[in-house]
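Read through the structure below, which is laid out as structure tokens, and then see the notes.
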Amino acid sequence: MESNLIHILKKWDGIHTDYLIACYDHNHHDISFFESLVNITYNTTALQTATTWLIKHHYDHKKTLPQHLINELLSNSTKLKNWEAKLHILQLLPKVLISTSVINTLDLFVRACIISKKKFVRAWGYQGFYEVTKHIPEYKQELRVLCENAMQTESASIKSKVRKILMHLDKNN
């Protein structure tokens, strides 16, 4: 399935998601589809945006994947090259069970995202760091400081996300 899927994904124009939705609709009942997506994500940089979009689309429809696939996806997150793929993984974090076995790699990933040149990645990087603090509570104070600094230096779109994180931190203290 993997080589056929690579061929299909290479035909995507990078813009119109209808093509990806059709691919998803045709394959989402087959677990090997998702196994192939995870493998392709880290072996074919040019297809990272498409593969991570398809996985995120699956979760957006209230479906899940086996934990071993999520672990594999997250444990390799620092290898992502495309900013859109990074964004998709960050957007997945609140929806997936994060295993302790991947938390250190995920920590490195979200910290790198917080300093990304792409605003959306930075904004979701703060959210990702918040997800990490659920496993490493000692990081909550560091996150608070980062968020407070962001409220002084970041654009309005990032401040909106950061404001919500600060509210969650206040609520959970």
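Quick caveat: nothing in here was measured; it's all calculated off a predicted structure.
- Atom CD1 of Ile6 is separated from atom CD1 of Ile40 by 4.5 Å, given to the nearest 0.5 angstrom.
- When atom types are taken as modelled, the side chain of Asp13 and the backbone of Ile15 share a donor-acceptor pair closer than 3.5 angstrom.
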Worked verdict on Tyr130 versus His168 for ring pair (Phe, Tyr, Trp, His ring centres under 6.0 Å): CA-CA 9 Å; Tyr130 175 72; His168 284 295; 5.6 Å; yes
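- A 4.5 Å side-chain heavy-atom check between Arg111 and Ile115 finds every atom pair outside the cut-off.
- When the side chain to side chain donor-acceptor pair (under 3.5 Å) test is applied to Glu2, the partners found at least two apart in sequence or on another chain are Asn39.
- Each of Thr51, Thr49, Thr52 was compared with Thr41 under the side-chain hydrogen bond (donor to acceptor under 3.5 Å, both in side chains) criterion, and only Thr51 meets it.
- Open room surrounds NZ on Lys81; 12 or fewer heavy atoms of other groups in view lie less than 6.0 Å from it.
- Counting all heavy atoms, side chain and backbone alike, Leu80 lies closest to Lys86 at O-CE, 3.2 Å.
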Would you list the atom pairs, donor with acceptor, under 3.5 Å between side chains in residues 17-24 and any protein atom, with sequence neighbours excluded?
residue, atom, partner, partner atom, Å
Tyr19, OH, Ile8, O, 2.7
Tyr24, OH, His58, ND1, 2.7

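- In this structure, Ser75 OG and Asn104 CG are separated by 12.0 Å, a value rounded to the nearest 0.5 Å.
- Across every non-hydrogen atom of Val102 and Asn71, the tightest pair is CG1-O, 3.5 Å.
- In this structure, His135 and Ile98 approach most closely via the heavy-atom pair CE1-O, 2.8 Å.
- Gln48 places no side-chain N or O within 3.5 Å of a backbone atom of Tyr42 that could act as its donor or acceptor partner.
- If you take CE on Met167 and CD1 on Ile165, they are separated by 10.5 Å, rounding to the nearest 0.5 Å.
- The structure places CG of Leu106 at 10.0 Å from OG1 of Thr78, a figure rounded to the nearest 0.5 Å.
- At least one donor-acceptor pair closer than 3.5 Å links the side chain of His88 to the backbone N or O of Glu84.
- Applying the 6.0 Å contact sphere to NZ of Lys79 captures no more than 12 heavy atoms from other residues, nucleotides or ligands.
- For Glu72 (side chain) and Val38 (main-chain N/O), no donor-acceptor pair under 3.5 Å exists by modelled atom type.
- Between Leu65 and Tyr59, the closest side-chain pair of non-hydrogen atoms falls below 4.5 Å.
- Between atom CD1 of residue Ile89 and atom OG of residue Ser77 there is a gap of 7.5 Å, rounded to the nearest 0.5 Å.
- Cluster membership check: Ile103 does not share its hydrophobic cluster with Leu108, using side-chain heavy-atom separations under 4.5 Å among Ile, Leu, Val, Met, Phe, Trp and Tyr.
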Side-chain atoms of residues 120-127: list all donor-acceptor pairs with protein atoms under 3.5 Å, sequence neighbours left out, distances to 0.1 Å.
residue, atom, partner, partner atom, Å
Arg122, NE, Glu154, OE1, 3.2
Arg122, NE, Glu154, OE2, 3.0
Arg122, NH1, Ser116, O, 2.9
Arg122, NH1, Lys117, O, 3.4
Arg122, NH2, Glu154, OE1, 2.9
Gln127, NE2, Glu131, OE2, 2.8

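- Side chain to side chain, Ser99 and Ser101 fail the donor-acceptor criterion of an N or O pair below 3.5 Å.
- In this structure, the side chains of Leu69 and Ile31 come closer than 4.5 Å at one or more pairs of heavy atoms.
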Step-by-step side chain to side chain contact (heavy atoms under 4.5 Å, CB included) determination, Leu47 to Trp12: CA-CA 9 Å; Leu47 298 178; Trp12 179 49; over 6 Å; no
Step-by-step side chain to side chain contact (heavy atoms under 4.5 Å, CB included) determination, Leu92 to Leu73: CA-CA 11 Å; Leu92 268 179; Leu73 190 67; 3.9 Å; yes
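- Across every non-hydrogen atom of Lys140 and Leu169, the tightest pair is CG-CD2, 4.1 Å.
- Taking the side chain as every heavy atom from C-beta outward, Leu54 and Leu9 approach each other to under 4.5 Å.
- A heavy-atom distance below 4.5 Å is found between the side chains of Leu90 and Phe109.
- Between atom CD of residue Gln141 and atom CG of residue Leu146 there is a gap of 10.0 Å, rounded to the nearest 0.5 Å.
- Contact annotation: the side chain of Arg144 approaches that of Asp170 to within less than 4.5 Å [non-hydrogen atoms, C-beta and beyond].
- Between Leu93 and Val110, some side-chain heavy-atom pair lies under the 4.5 Å cut-off.
- Put simply, the side chain of Lys63 does not reach to within 4.5 Å of the side chain of Phe34, judged on heavy atoms.
- More than 12 heavy atoms of other residues, nucleotides or ligands sit less than 6.0 Å from atom NE2 of His68.
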Side chain to side chain contact (heavy atoms under 4.5 Å, CB included) assessment of Asp60 paired with Lys95: CA-CA 9 Å; Asp60 288 345; Lys95 300 175 182 182; 2.4 Å; yes
